[in-house]
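Only one structure is covered here, and it is reproduced in the block below.
These figures come from a predicted structure and were not determined experimentally. Quick note: numbers below take in every heavy atom, side chains included, and nothing from hydrogens, waters or symmetry partners.
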Amino acid sequence: MNDGMNMDRGMSGPMWIPVEPPTLEGLLAWHPQPYAIFPILCALLVGLYAVGLVRLWRRDIHWPIGRTVSWLVGVAMVLWVTATGIEGYGMAMFSVHMFQHMILTMLAPVFLLMGAPVTLMLRALPAGRGRRAAPRRALVWLLHSPIAKVGAHPAFTLSLFVFSLYGVYFTPIFDTLMSSVWGHYLMLLHFVITGVVFFGPVLMVDPWPGTKNHLIRMMLMMAGLPFHAFFAIAVMMSPGPIVRFFASPPPSWNVDIIDDQLWAGGLTWVFGDIPTIVVMIVLAVLWMRSDDRLARRTDRKAERDGDAELNSYNAYLQRLADHEAAVLETGGRPTPFAVKR
């Protein structure tokens, strides 16, 4: 693959854009940008997670392997679309860019959240009142702060999710951000954060503020589907390019702008449905596990106290039955009865 620079794209700062037309090999080829911001960020995320695992291992604390695998998959997805040909071709073709956007917002955050990084931090950081425990106390404070409650509120998460589609592409914001390398990086980071903020209170793997009711969380997940579908339809039905940045692809590539935009809308639609189904399945599994844990806790409590709660309730029902029988024996005249549980 030949190298190219961004001079014909109107972007300030060094940014690699391929010269040759897109191929599967070119899209998958390793090619980080001159400013390797996301590869460095991904390495940092893996390193910090590994430090947490080592601390738990030294204290003989078990950590599910599935969470570690999920975290690594999420980081790998971010790296895949920001340090390969997908990143470069995404600077010239709307369809490739939208594929990158959907991975960063709809798939990678789900795997990152299933890795439970906040829970890992809470278990790995030192606890107590000393100076060493200050980071953990700060994290606990943040989780219970008004900022976290507002950030996890459905009105905010859904608004941010909608803005990442309509606000970015149907306003001059996209072209403004793409006018500089740092604006481009800021936009990609925004996509990841949007996905984390939207899916975090839905999955509730970590101690996010918000409702624990699984049915309500499923409804919150479904609330974003119409906005996603309407955006995809609007993109596919647009008679012209919705953003100026992709209006002039390299002439030698023979890219039909409207056809490429149609693919972009189709990818958006698909990525609205498939991740939603995956998350709904995950929620159903978490719901069943939650019911199983509740049943086990109830059984353990019954074993400890001789099922005192059930015995008390049965005694209550027996008193009600005795009272009803007494009323019938007195010809229907009520008798004093104090209901006690």
Side-chain angles (χ1 to χ4, degrees), residues 6-13 15 17 33 35 37-38 78 81-82 86-109 150-151 153-200 220 223-249 255-273 275-276:
N6 61 356
M7 296 304 163
D8 59 335
R9 306 302 299 167
M11 176 182 287
S12 62
M15 178 63 72
I17 299 177
Q33 293 291 356
Y35 293 155
I37 302 299
F38 277 89
V78 174
V81 297
T82 58
I86 293 174
E87 162 73 342
Y89 284 106
M91 305 292 293
M93 297 180 63
F94 192 23
S95 59
V96 180
H97 164 82
M98 192 55 69
F99 177 81
Q100 181 188 41
H101 178 170
M102 292 298 104
I103 292 292
L104 293 177
T105 300
M106 300 298 292
L107 274 186
V150 171
H153 194 279
F156 177 80
T157 60
L158 187 59
S159 298
L160 183 64
F161 180 79
V162 172
F163 172 80
S164 70
L165 294 173
Y166 296 86
V168 170
Y169 295 103
F170 289 150
T171 70
I173 290 178
F174 183 86
D175 289 320
T176 300
L177 291 174
M178 294 297 284
S179 64
S180 71
V181 170
W182 296 111
H184 171 68
Y185 288 142
L186 178 63
M187 180 172 58
L188 296 185
L189 186 61
H190 163 77
F191 292 155
V192 178
I193 293 174
T194 297
V196 170
V197 170
F198 180 73
F199 289 111
L220 293 177
L225 273 180
F227 297 100
H228 215 272
F230 293 153
F231 173 81
I233 293 172
V235 171
M236 289 188 290
M237 295 186 64
S238 177
I242 64 172
V243 289
R244 290 187 296 107
F245 190 82
F246 295 111
S248 303
V255 175
D256 186 297
I257 301 173
I258 302 304
D259 185 58
D260 184 61
Q261 187 166 276
L262 185 66
W263 274 98
L267 287 169
T268 307
W269 195 322
V270 169
F271 274 95
D273 292 339
T276 299

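- Counting heavy atoms from C-beta on, the side chains of His184 and Glu87 come closer than 4.5 Å.
- Residue Ile242 holds its CD1 atom at 10.0 Å from CG of Asp175, rounded to the nearest 0.5 Å.
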Q. Are Thr105 and Phe198 close enough, and set up right, to give a side chain to side chain contact (heavy atoms under 4.5 Å, CB included), and what steps lead you there?
A. CA-CA 9 Å; Thr105 300; Phe198 180 73; over 6 Å; no
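- The backbone N or O of Val197 sits nowhere less than 3.5 Å from a side-chain atom of Thr157 that would complete a donor-acceptor pair.
- The distance from atom NE2 of His153 to atom CG of Leu158, rounded to the nearest 0.5 Å, is 11.5 Å.
- Checked against the 6.0 Å centroid threshold, Phe161 and His228 count as a close aromatic pair.
- Using a distance-only test at 3.5 Å, with no hydrogens or angles considered, a donor-acceptor pair links the side chain of Gln261 to the main chain of Gly240.
- Taking CG of Leu177 as the start and CG of Leu188 as the end, the distance is 10.0 Å to the nearest 0.5 Å.
- Counting heavy atoms from C-beta outward, Thr268 and Met102 have side chains that approach closer than 4.5 Å.
- The side-chain heavy atoms of Asp260 and Phe246, taken from C-beta on, include no pair separated by under 4.5 Å.
- Screening Phe245, Tyr89, Phe174, Trp263 for a ring-ring contact (aromatic ring centres under 6.0 Å, His included) with His97, the sole residue that qualifies is Phe174.
- Taking all atoms of both residues into account, the shortest heavy-atom contact from Val196 to Pro109 is N-CB, 3.6 Å.
- Between the Ser238 side chain and the Val235 main chain, no donor and acceptor come within less than 3.5 Å of each other.
- Gln33 contributes no side-chain N or O that, together with a main-chain N or O of Met15, makes up a donor-acceptor pair within less than 3.5 Å.
- Note that the CD1 atom of Ile258 and the CE atom of Met236 stand 13.5 Å from one another [nearest 0.5 Å].
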Q) Would Phe191 and Gln100 satisfy side chain to side chain contact (heavy atoms under 4.5 Å, CB included), going step by step from the backbone distance to the final call? A) CA-CA 10 Å; Phe191 292 155; Gln100 181 188 41; over 6 Å; no
Q: Could you walk me through whether Ile233 and Trp269 pass the side chain to side chain contact (heavy atoms under 4.5 Å, CB included) test, one step at a time?
A: CA-CA 8 Å; Ile233 293 172; Trp269 195 322; 3.4 Å; yes
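- Note: Phe170 and Phe231 meet the aromatic proximity criterion, with ring centroids under 6.0 Å apart.
- Of all heavy-atom pairs spanning Ser95 and Ala264, the tightest one is CA-CB, 3.8 Å.
- Counting all heavy atoms, side chain and backbone alike, Asp259 lies closest to Asp256 at N-OD1, 2.9 Å.
- Listed here is the closest heavy atom pair of Ile17 and Ala92: CG2-CB, 4.4 Å.
- Here the straight-line distance linking atom CG of Leu107 with atom CZ of Phe271 works out to 5.5 Å at 0.5 Å rounding.
- Nearest heavy-atom pair, Ser164 versus Thr194, reported as atom, atom and distance to 0.1 Å: OG-CG2, 3.8 Å.
- Counting non-hydrogen atoms of other residues, nucleotides and ligands closer than 6.0 Å to CZ of Phe230 gives a total of 12 or fewer.
- Between atom CZ of residue Phe94 and atom CG of residue Leu262 there is a gap of 11.5 Å, rounded to the nearest 0.5 Å.
- In this structure the side chain of Ile37 reaches within 4.5 angstrom of the side chain of Trp182, judged on heavy atoms.
- Counting all heavy atoms, side chain and backbone alike, Ala155 lies closest to Ser159 at O-OG, 2.5 Å.
- Residues His190 and Phe163 have side chains in contact (heavy-atom distance under 4.5 Å, counting atoms from C-beta outward).
- Enclosure of atom OH in Tyr35 is not indicated, since only 12 or fewer non-hydrogen atoms of other residues, nucleotides or ligands lie within 6.0 angstrom.
- Under the salt bridge (charged side-chain N to carboxylate O under 4.0 Å, His left out) criterion, no residue pair touches residues 183-198, with sequence neighbours excluded.
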Q: Apply side chain to side chain contact (heavy atoms under 4.5 Å, CB included) to Met187 and His101, showing your working.
A: CA-CA 9 Å; Met187 180 172 58; His101 178 170; over 6 Å; no
